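Reviewing the structure listed below.
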Amino acid sequence: MKILHIDHIGIAVKSNQASKSFWSDILGLPYDGEETVEEQKVKTAFFPVDKSEVELLESTDQDGPVSKFIEKRGQGVHHIAFRVENLEGALAELKDKGVRLIDETPRIGAGGARIAFIHPKATGGILVELCER
Ligand code: CMX
């Protein structure tokens, strides 16, 4: 598979509004606005850094993955997303290698990106997302 660069780092927060000021006012990152991704039960807020972004993730549902993550581990880094050239090809390669996937076929994520997650049990404890834009 060809990984191009880190697309974004997802950070689980209780409130995008409350967390926003550190990233924009203190670090001075531009703020790219919010988007609700119903399927993932999150409201995202993006702060671009060169070719990558910081993505704040606020849960919109107490049964959503971000809400469960915060309950168990507190606020913090939730996942790392790599931009790939060919998502289907990357997933086929991982499947061939017996890597446990959460998504065997791409889903649509924030910004219309095509995304798929690799299970943290297969990566040494880090939730990894592959994405193609
Ligand atoms: N990073 C690392 N480990 C994680 C994790 C994360 N983000 N979320 C859960 N885990 C761990 C749990 O701590 C648990 O470990 P232990 O068994 O050692 O306790 C294990 O994974 C299984 O967790 P679980 O609570 O039994 O299962 P969940 O129902 O919470 O599901 C996961 C975990 C990763 C499969 C689920 O959160 C998922 O499908 N995530 C992908 C989708 C997602 O996270 N969407 C939100 C972001 C969307 C976006 O960026 O747009």
Side-chain angles (χ1 to χ4, degrees):
M1 94 181 62
K2 182 154 185 199
I3 290 186
L4 301 173
H5 55 84
I6 291 179
D7 186 86
H8 63 269
I9 296 175
I11 299 174
V13 298
K14 290 180 183 161
S15 155
N16 285 350
Q17 195 51 43
S19 299
K20 180 175 177 276
S21 82
F22 171 73
W23 301 95
S24 58
D25 302 339
I26 309 287
L27 293 190
L29 296 178
Y31 169 54
D32 225 10
E34 273 192 326
E35 180 183 344
T36 297
V37 184
E38 300 284 358
E39 198 193 5
Q40 300 286 341
K41 299 178 176 163
V42 289
K43 193 161 66 174
T44 64
F46 283 100
F47 302 84
V49 187
D50 194 19
K51 284 183 181 171
S52 305
E53 291 179 291
V54 170
E55 177 191 40
L56 298 186
L57 295 161
E58 174 186 322
S59 186
T60 57
D61 184 317
Q62 62 179 16
D63 292 327
V66 168
S67 183
K68 284 166 82 177
F69 177 88
I70 291 177
E71 207 174 285
K72 216 165 172 180
R73 300 176 170 221
Q75 299 185 105
V77 173
H78 178 263
H79 66 268
I80 296 176
F82 293 105
R83 178 95 58 106
V84 295
E85 207 168 64
N86 171 354
L87 184 53
E88 270 88 358
L91 292 175
E93 198 180 315
L94 290 168
K95 244 172 123 175
D96 276 355
K97 290 179 176 162
V99 174
R100 182 171 169 193
L101 300 174
I102 293 171
D103 303 302
E104 297 206 348
T105 53
R107 301 199 238 176
I108 302 299
R114 301 171 67 248
I115 64 169
F117 285 92
I118 304 173
H119 202 282
K121 292 288 179 203
T123 66
I126 304 293
L127 179 60
V128 173
E129 177 185 333
L130 300 180
C131 94
E132 187 186 333
R133 293 179 196 268

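Residues take their numbers from the sequence shown, with the count starting at 1. Values in this document were obtained by computation on a predicted structure and should not be read as measured data.
- In this structure, the side chain of Ser59 engages the main chain of Asp61 through a donor-acceptor pair within 3.5 Å.
- Side-chain contact between Val49 and Leu29: present, with at least one pair of heavy atoms (C-beta onward) separated by less than 4.5 Å.
- Remark: the backbone N or O of Ile6 is paired with a side-chain donor or acceptor of Ser52 at under 3.5 angstrom.
- Partners of Phe46 according to the ring-ring contact (aromatic ring centres under 6.0 Å, His included) rule, which considers only residues two or more places apart in sequence or in another chain, do not exist here.
- We find the CG-CD distance between Asn16 and Glu58 to be 4.5 Å, quoted to the nearest 0.5 Å.
- For Glu35, there are no salt bridge (charged side-chain N to carboxylate O under 4.0 Å, His left out) partners two or more places apart in sequence or in a different chain.
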Exercise for review: Step by step, work out the side-chain contact (heavy atoms from CB on, under 4.5 Å) result for Leu127 and His78.
Suggested key: CA-CA 7 Å; Leu127 179 60; His78 178 263; 3.5 Å; yes
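- In this structure, Ile115 and Leu130 have side chains that are not in contact, with every pair of non-hydrogen atoms separated by 4.5 Å or more.
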Listing, residues 62-76 side-chain donor-acceptor contacts under 3.5 Å, not counting sequence neighbours, or none:
{"from": "Ser67", "atom 1": "OG", "to": "Gln62", "atom 2": "O", "distance (Å)": "3.2"}
{"from": "Gln75", "atom 1": "OE1", "to": "Lys14", "atom 2": "N", "distance (Å)": "2.7"}

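- Atom CH2 in Trp23 sits 8.5 Å away from atom CZ in Phe47 (nearest 0.5 Å).
- No side-chain donor from either of Glu53 and His8 sits under 3.5 Å from a side-chain acceptor of the other.
- Here Leu56 contributes atom CG and Gln17 contributes atom CD; the two are 10.5 Å apart, rounded to the nearest 0.5 Å.
- Cluster membership check: Leu27 shares its hydrophobic cluster with Val77, using side-chain heavy-atom separations under 4.5 Å among Ile, Leu, Val, Met, Phe, Trp and Tyr.
- Between the CG atom in Leu101 and the CG atom in Leu94 there is a gap of 5.5 Å [rounded to 0.5 Å].
- With hydrogens and angles ignored, the 3.5 Å screen pairs no side-chain donor or acceptor of Thr60 with any backbone N or O of Lys43.
- Looking at Ile11 and Glu55, their side chains never come closer than 4.5 Å, going by heavy atoms from C-beta outward.
- With sequence neighbours excluded, the residues that form a salt bridge (charged side-chain N to carboxylate O under 4.0 Å, His left out) with Arg107 are Glu39, Asp103.
- Qualifying side chain to side chain donor-acceptor pair (under 3.5 Å) partners for Asp32, counting only residues two or more places apart in sequence or in other chains: none.
- Atom CD of Glu85 is separated from atom CG of Leu87 by 12.0 Å, given to the nearest 0.5 angstrom.
- With His79 as reference, Leu57 is the one residue of Ile126, Val128, Leu57, Ile118 to meet the side-chain contact (heavy atoms from CB on, under 4.5 Å) rule.
- Linking Ile, Leu, Val, Met, Phe, Trp and Tyr whenever their side-chain heavy atoms come within less than 4.5 Å leaves Leu4 and Ile80 in two separate clusters.
- Between Ile102 and Pro120, some side-chain heavy-atom pair lies under the 4.5 Å cut-off.
- In the hydrophobic cluster analysis, where Ile, Leu, Val, Met, Phe, Trp and Tyr join through side-chain heavy atoms closer than 4.5 angstrom, Phe117 is grouped apart from Val99.
- Sorted by first and then second residue, the salt bridge (Lys or Arg N to Asp or Glu O under 4.0 Å) pairs with a member in residues 122-133 read Asp7-Arg133, Arg114-Glu132; sequence neighbours excluded.
- By the 4.5 Å heavy-atom criterion applied to side chains, Val42 and Thr36 are not counted as neighbours.
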